[in-house]
Number of protein chains: 2
Amino acid sequence: MPTAKKKDYSAQARIIKAMGHPTRLLILNSLKKRETCVCELRDLVGDDISTVSKHLLVLKKAGLVAVRREGNWLHYRLTCPCVLDFARCLERVLT
Amino acid sequence: MPTAKKKDYSAQARIIKAMGHPTRLLILNSLKKRETCVCELRDLVGDDISTVSKHLLVLKKAGLVAVRREGNWLHYRLTCPCVLDFARCLERVLT
DNA sequence: CATCTATTTTGCCATATCGCCAAATAGATG
DNA sequence: CATCTATTTGGCGATATGGCAAAATAGATG
């Protein structure tokens with residue numbers, strides 16, 4: 001790595017930034033188990049559904065989740081479950 | 001995990017949020033090699049030194065870096081190098 | 001096509017973040 | 001103590017974020 005620039009990290013930063021919100025972490029961890037429709041996530045999160053929808057958009061734009069329609073329901077799923085392995089290291093930071 | 005709440009993820013989110021900026025990722029990756037003084041990080045980053053100092057404060061408050069004084073210089077170091085292993089998974093998200 | 005349901009989009013406001021500059025601070029040194 | 005050097009802190013404007021409520025949309029269904 002000769003001269004790494006800020007620009008080189010902006011792509012990574014975008015993904016990490018998308019993860020850096022309690023609600024979005026809650027959603028990601030919930031999706032680890034199985035894909036879930038928005039209304040179920042709304043119940044889990046407890047915020048207005050438009051707020052949940054916006055959080056899902058952030059995660060989708062970051063490439064962290066993907067969607068599948070089934071009738072009226074949109075089912076979101078994790079694209080890369082490995083992103084949650086990270087939590088184990090964070091526990092160490094927290095101590 | 002019976003009923004995980006937003007609150008349970010706020011501590012993790014704080015740390016992740018601190019990592020979610022290109023400059024701060026650049027700094028963390030630089031510190032992976034060795035501890036470094038602020039003026040050297042300023043040259044690496046290229047922003048005003050007060051800006052770099054504020055980024056370091058964010059990382060310090062998150063528990064990601066620690067400081068050691070040596071004469072006039074403050075040397076910053078990574079507390080938990082494992083946080084950067086994460087990058088490998090992010091590459092997968094990016095494709 | 002009219003309508004129903006799940007979800008997204010838009011608008012708005014309050015608050016947080018980023019970057020620069022100027023001023024303050026903490027140790028080292030004359 | 002005066003001063004120098006490295007760094008932090010405060011202040012400011014521009015921009016981004018998070019949340020709600022209302023309006024718009026997309027597909028299913030009568």
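The figures that follow rest on heavy atoms only: side chains count, while hydrogens, waters and symmetry mates do not. Letters go in sequence order (proteins before strands), and every chain restarts at 1.
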So what does B:R24 touch, heavy atoms closer than 4.0 Å: a base, only the sugar-phosphate, or nothing? sugar-phosphate
Below 4.5 Å, heavy atoms only, C-beta onward: do B:Y76 and B:V38 meet side chain to side chain? yes
Taking the side chain of A:H21 as heavy atoms from C-beta outward, which of D:dG19, C:dG19, C:dT7 is closest to it? D:dG19
OP1 or OP2 of D:dT8 sitting under 4.0 Å from any side-chain N/O of B:Y76? yes
According to the Watson-Crick and G-U wobble definition with distances under 3.5 Å, which dot-bracket string, read 5' to 3', encodes DNA chain D, using [ ] for crossing pairs and | for pairs with another strand? ||||||||||||||||||||||||||||||
I want to check one thing: is the phosphate of C:dT17, taken as OP1 and OP2, less than 4.0 Å away from some side-chain N or O of B:K17? yes
So A:F86 and B:F86, would you call those rings parallel, tilted or perpendicular, with 30° and 60° as cut-offs? parallel
From D:dG19, C:dG19, C:dA6, pick the nucleotide closest to the side chain of B:K54? C:dG19
Whether A:T51 contacts D:dG18 is assessed here as follows: a side-chain N or O lying under 4.0 Å from the phosphate OP1 or OP2. Is that the case? no
Per-nucleotide protein contact string for nucleotides 22-30 of chain D (B base, S sugar-phosphate only, - none; heavy atom under 4.0 Å): B----BS--
A:H75 vs C:dT7: side-chain N/O to OP1/OP2 distance below 4.0 Å: no
The disulfide bond (SG atoms under 2.5 Å apart) partners of B:C39 (sequence neighbours excluded) come to none
Lys/Arg N to Asp/Glu carboxylate O, A:E40 vs A:R42, below 4.0 Å: no
May I ask you to evaluate whether A:H55 reaches the phosphate of D:dG19, defined as a side-chain N or O under 4.0 Å from OP1 or OP2? yes
I want to check something: taking the side chain as every heavy atom from C-beta on, are B:L41 and B:S30 in contact at a cut-off of under 4.5 Å? yes
